K.L.:
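Structure below; questions to follow.
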Amino acid sequence: MMDTAQPTPRQRYGTGRPTRALAQEVAVALSYNGSTQAVMMATPADLVDFAYGFTLTEGLASADEIETIEVVETPLGVDVQIWVAEIAQTRLATRRRNMAGPVGCGLCGIDSLEQAVKIPMRAEGGVCLSPSEITSAVQSLTDHQPLHDATRAAHAAAFWLPGRGIAAVREDVGRHNALDKLAGALVQSPMGRGAVIMTSRVSIDIVQKCAAMGQSMLIAVSAPTEAAVQMADAAGITLIANARPDGFEAFTHLDRITTGARHVA
């Protein structure tokens, strides 16, 4: 689903490329058992995936604790109503959040330093890829970004499987939202171990979300922060960044980059 708009009036001055469509950005409330837990600015597509993924990567509930999800459009935005089991509701009560989250912020509402830098469960095993497979994965992503192609204003998060290629992609104006949508898609349709590809820089929270997904390889087209590299190392994640068709930089757990036959441990 592509969510774009062509507002009027609009006037172009000077020379250059034709005017592009604009990506939609609306307020999306994530409500749990009738109480709003977060409000994010997001692209209004794949919102059920978003609900599943945000719930998982923020540690609010597991997939089997989610009972129902309903997407309700309102005059002010979209209310995604999530109903979770009682045990998850108790957990939510201990996580005091009331977020008005801009798309660039992945730690809005965290109420302690310990939560911000908490190291997730360490990843073990996972997919092993050759350098040529990694560059191929990055290059193939360019053919799976319709919203970005139309607007040049959206991030993508993709899942790459050896022998299959790009198996799932989600786009959003926010990089964290795109990753949460991908996480939600994979929760509903598990595909095993693969590599997560991001079209953005890598911050510490992107690494944390990848770990929450149970994936041990993260490939990004842009640079990581120092904290993200440290987190990936501690979490057992192979972090590859500045990835382009002509090469990449590997920062952590290089044992998953192999010149031999690919395999999944």
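Every value quoted in this text rests on a predicted model; they were computed, and no experiment measured them. For this chain, numbers begin at 1 and follow the sequence in order.
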K.L.:
Using the test side-chain hydrogen bond (donor to acceptor under 3.5 Å, both in side chains), find all partners of E70 that sit at least two apart in sequence or belong to another chain.
P.N.:
none

K.L.:
I'd like to know if the side chain of T238 pairs up with that of R256 as donor and acceptor (distance under 3.5 Å, no hydrogens or angles considered).
P.N.:
yes

K.L.:
How long is the gap from CZ on F251 to CG on D233, to the nearest 0.5 Å?
P.N.:
12.0 Å

K.L.:
Looking at OG1 of T43 and CD of E25, how far apart are the two atoms once the value is rounded to the nearest 0.5 Å?
P.N.:
7.5 Å

K.L.:
Measure the CG-CE distance between L218 and M231 for me, rounded to the nearest 0.5 Å.
P.N.:
13.0 Å

K.L.:
Per the side chain to side chain donor-acceptor pair (under 3.5 Å) rule, what does the pair list look like for residues 135-144, sequence neighbours excluded?
P.N.:
none

K.L.:
E171 versus H155: any side-chain heavy-atom pair under 4.5 Å?
P.N.:
no

K.L.:
Give a yes or no on whether V71 and L60 share a hydrophobic cluster (residues Ile, Leu, Val, Met, Phe, Trp, Tyr; joining criterion: side-chain heavy atoms under 4.5 Å apart).
P.N.:
yes

K.L.:
Check residues 26-34 and write down every donor-acceptor pair under 3.5 Å in which the side-chain atom is one partner and the other belongs to a residue at least two apart or another chain.
P.N.:
residue, atom, partner, partner atom, Å
S31, OG, T36, OG1, 3.3
S31, OG, D79, OD1, 2.9
Y32, OH, T55, OG1, 2.6
N33, OD1, V84, N, 2.8
N33, ND2, V84, O, 3.3
N33, ND2, Q89, OE1, 3.2

K.L.:
Using the salt bridge (charged side-chain N to carboxylate O under 4.0 Å, His left out) rule, collect all pairs that involve residues 150-162, keeping only residues at least two apart or in two chains.
P.N.:
D149-R152

K.L.:
For the hydrophobic clusters of this structure (ILVMFWY residues joined by side-chain heavy atoms under 4.5 Å, transitively), does one cluster hold both L22 and V78?
P.N.:
no

K.L.:
So, the side chain of D46 versus the backbone of A178: is there a donor-acceptor pair under 3.5 Å, distance only?
P.N.:
no

K.L.:
Just by modelled atom types, is the L239 backbone N or O under 3.5 Å from a matching donor or acceptor in the T252 side chain?
P.N.:
yes

K.L.:
Applying side-chain hydrogen bond (donor to acceptor under 3.5 Å, both in side chains), name anything that partners S132, two or more places apart in sequence or on another chain.
P.N.:
S130

K.L.:
Can you sort out the partners of H148 under side-chain hydrogen bond (donor to acceptor under 3.5 Å, both in side chains), two or more places apart, ordered by chain and number?
P.N.:
none

K.L.:
Is W83 reachable from I66 through a run of I, L, V, M, F, W or Y residues, each pair having side-chain heavy atoms under 4.5 Å apart?
P.N.:
no

K.L.:
Please confirm whether the backbone N or O of A234 pairs with a side-chain atom of R122, one donor and one acceptor, at under 3.5 Å?
P.N.:
yes

K.L.:
Hey, does the side chain of K181 reach the backbone of A45 with a donor-acceptor pair shorter than 3.5 angstrom?
P.N.:
yes

K.L.:
Taking L179 as the starting point, is it possible to reach M191 by hopping between hydrophobic residues whose side chains are less than 4.5 Å apart?
P.N.:
yes

